[in-house]
Enquirer: 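Sharing a structure with you now.
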Amino acid sequence: MFDWFSALAAGSALPAGAASELHERGFVVSPGPMPDRIEQLAEAYDAAVASATGDDVRIGSASTRVNDFVNRGAEFDELYIFPPLLAACCRVIGRPFKLSSLHARTLRPHVPAGDLHVDVRRDSADWPLLGFILMVDEFRPDNGATRFVPGSHRWPGTPEDRMSDVRAEHAGEVLACGRAGSLLVFNGSAWHEHSANTSSGPRRSIQGAFIPRDGRAGTDFAARMPPETRARLTPLARYMLAL
Ligand SMILES: O=C(O)CCC(=O)C(=O)O
């Protein structure tokens with residue numbers, strides 16, 4: 001099989017400044033894969049969310065998640081093979097990796113901040129994890145931009161271990177803001193969660209995670225894949241989906 005990891009790791013798709021921010025702070029916001037097509041993407045997002053049914057839709061207290069944006073239209077294909085994102089995976093995961101999840105998350109208006117957490121514990125087969133969030137809407141201080149504690153990806157403990165109230169504002173937290181179409185990339189060990197959405201509008205996003213290749217993916221993309229998705233996938237996409 002072609003050695004995708006070595007090929008991606010040898011490239012320079014992630015600018016040096018973004019790489020060092022990811023390394024030092026545990027997250028970075030950069031331009032996403034489709035900056036001039038974000039309105040079409042937002043329309044495709046709304047249509048995909050509206051047509052999802054059953055267990056694929058999870059309505060939580062602050063947000064609605066819709067599972068599997070690999071199989072909901074070609075409009076989303078570019079995201080999980082975006083070269084700077086894969087270059088970030090090479091740095092954070094450091095060995096061959098695959099896509100574990102890709103879902104929509106719409107944060108509702110007038111909701112409080114969520115609980116600070118890490119996405120994966122260090123003793124898990126899915127560690128290290130690289131998370132990413134495509135901002136379908138602008139992420140602002142008033143609409144629930146993701147909050148991060150910079151540098152926390154190097155700390156041994158989790159928010160649950162170290163904080164008495166994980167929903168409270170952490171003294172060191174900062175907001176990851178960006179215009180619509182921006183891509184937030186983060187180390188899954190960084191403490192994070194959405195901040196309060198005090199605005200009157202939803203905050204839409206497409207979120208995903210990459211994990212080591214021998215980890216257990218959150219979504220079994222292959223098992224769910226209709227022939228039309230399979231037919232359009234590039235060799236790199238097939239590799240990232242472990243097909
Ligand atoms: O929606 C957000 O702002 C945060 C997402 C999150 O907590 C996660 O990816 O685990």
Side-chain angles (χ1 to χ4, degrees), residues 22 25-30 32 42 45 49 57-70 76 79-80 85 88-89 92-93 97 99-122 124 126-150 152-153 155 158-160 163 165-170 173-199 201-211 215-219:
L22 179 61
R25 284 162 50 97
F27 68 98
V28 63
V29 177
S30 311
Y45 177 102
V49 166
V57 182
R58 284 198 291 135
I59 302 178
S61 57
S63 64
T64 299
R65 284 187 168 84
V66 173
N67 184 33
D68 186 8
F69 266 57
V70 167
F76 312 107
L79 176 54
Y80 65 90
L85 175 60
C89 289
V92 168
I93 301 175
F97 56 87
L99 188 71
S100 172
S101 61
L102 190 68
H103 61 267
R105 186 180 196 191
T106 303
L107 188 65
R108 287 192 287 280
H110 309 301
V111 292
D115 297 351
L116 281 174
H117 64 277
V118 298
D119 281 345
V120 65
R121 297 192 70 101
R122 283 164 197 272
S124 164
D126 301 342
W127 185 89
L129 178 151
L130 188 285
F132 61 97
I133 300 181
L134 180 73
M135 302 179 188
V136 177
D137 293 304
E138 182 183 19
F139 274 29
R140 302 184 310 265
D142 72 323
N143 78 345
T146 312
R147 57 189 182 125
F148 280 91
V149 182
S152 55
H153 58 300
W155 299 348
T158 65
E160 298 79 48
M163 289 175 75
D165 177 7
V166 291
R167 184 157 292 195
E169 188 173 329
H170 187 285
E173 78 180 37
V174 299
L175 297 179
C177 297
R179 61 176 57 180
S182 303
L183 186 66
L184 163 58
V185 175
F186 60 97
N187 185 313
S189 296
W191 298 13
H192 69 281
E193 191 34 299
H194 65 81
S195 59
N197 183 356
T198 58
S199 79
R203 190 219 65 183
R204 296 169 296 178
S205 61
I206 301 176
Q207 311 193 349
F210 287 90
I211 59 170
R216 192 188 157 134
T219 301

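Just so you know, these numbers use all the heavy atoms, side chains as well, and skip hydrogens, waters and symmetry mates. Note that the structure is a prediction, hence the values are computed from the model and not measured. As the structure lists them, so they are numbered: ligands from 1, and atoms in each ligand from 1.
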Enquirer: Check each atom of ligand 1 against the heavy atoms of F186 and keep those under 4.0 Å away; list them by number with element.
Expert: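 The atoms of ligand 1 under 4.0 Å from a heavy atom of F186 are 9 (O).
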Enquirer: Between the side chain of D137 and the main-chain N/O of R204, is any donor-acceptor distance below 3.5 Å?
Expert: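 Yes, because the side chain of D137 sits within donor-acceptor range (under 3.5 Å) of the backbone of R204.
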Enquirer: Mind checking whether W191 contacts ligand 1 via backbone (N, CA, C, O), side chain (CB onward), both or neither, at a 4.0 Å heavy-atom cut-off?
Expert: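 W191 to ligand 1: no contact under 4.0 Å from either part.
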Enquirer: Among all protein non-hydrogen atoms, which one is nearest to atom 4 (C) of ligand 1, and what is the separation to 0.1 Å?
Expert: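 Answer, as residue, atom name and distance: E193 OE1, 3.4 Å.
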Enquirer: How about F27 and H192: are their ring centres within less than 6.0 Å of each other?
Expert: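 No, too far apart.
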Enquirer: For A190, which residues count as a side chain to side chain contact (heavy atoms under 4.5 Å, CB included) partner, sequence neighbours excluded?
Expert: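 Once residues adjacent in sequence are excluded, the partners of A190 under the side chain to side chain contact (heavy atoms under 4.5 Å, CB included) criterion are F148, S152, H153.
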Enquirer: Quick one: nearest non-hydrogen protein atom to atom 3 (O) of ligand 1, plus distance?
Expert: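 Of the protein heavy atoms, T146 OG1, 2.6 Å lies nearest.
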Enquirer: Can you list the ligand 1 atoms lying under 4.0 Å from a non-hydrogen atom of R203?
Expert: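 In order of number, 1 (O), 2 (C), 3 (O).
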Enquirer: Let me see the working for E193 and R105 under salt bridge (charged side-chain N to carboxylate O under 4.0 Å, His left out), right down to the final yes or no.
Expert: CA-CA 12 Å; E193 191 34 299; R105 186 180 196 191; 3.2 Å; yes
Enquirer: Could you tell me whether M135 approaches ligand 1 through its side chain, its backbone, both or neither, with non-hydrogen atoms closer than 4.0 Å?
Expert: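 M135 to ligand 1: no contact under 4.0 Å from either part.
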Enquirer: For residues R147 and S195, is any side-chain donor paired with an opposing acceptor at under 3.5 Å?
Expert: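 No - no donor-acceptor pair under 3.5 Å links their side chains.
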Enquirer: Tell me whether S205 has any N or O atom under 3.5 angstrom from an N or O of ligand 1.
Expert: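 No; every N/O pair is 3.5 Å or more apart.
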Enquirer: Report the part of D119 in contact with ligand 1, treating N, CA, C, O as backbone and CB onward as side chain, heavy atoms under 4.0 Å; options are side chain, backbone, both, neither.
Expert: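 It is the side chain that gets close, since no backbone atom is under 4.0 Å.
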Enquirer: Answer yes if the ring centres of F210 and F132 are under 6.0 angstrom apart, and no otherwise.
Expert: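 Yes, close enough.
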Enquirer: Would H117 count as a contact of ligand 1 if the rule is a heavy atom under 4.0 Å away?
Expert: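 Distance cut 4.0 Å: H117 passes for ligand 1.
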Enquirer: Which protein heavy atom lies closest to atom 8 (C) of ligand 1, and at what distance to 0.1 Å?
Expert: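 Result for atom 8 (C) of ligand 1: H192 NE2, 3.2 Å.
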Enquirer: Look at the rings of W191 and W155 and say which category their plane angle falls in: under 30° parallel, 30 to 60° tilted, over 60° perpendicular.
Expert: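 Answer is perpendicular, since the angle exceeds 60°.
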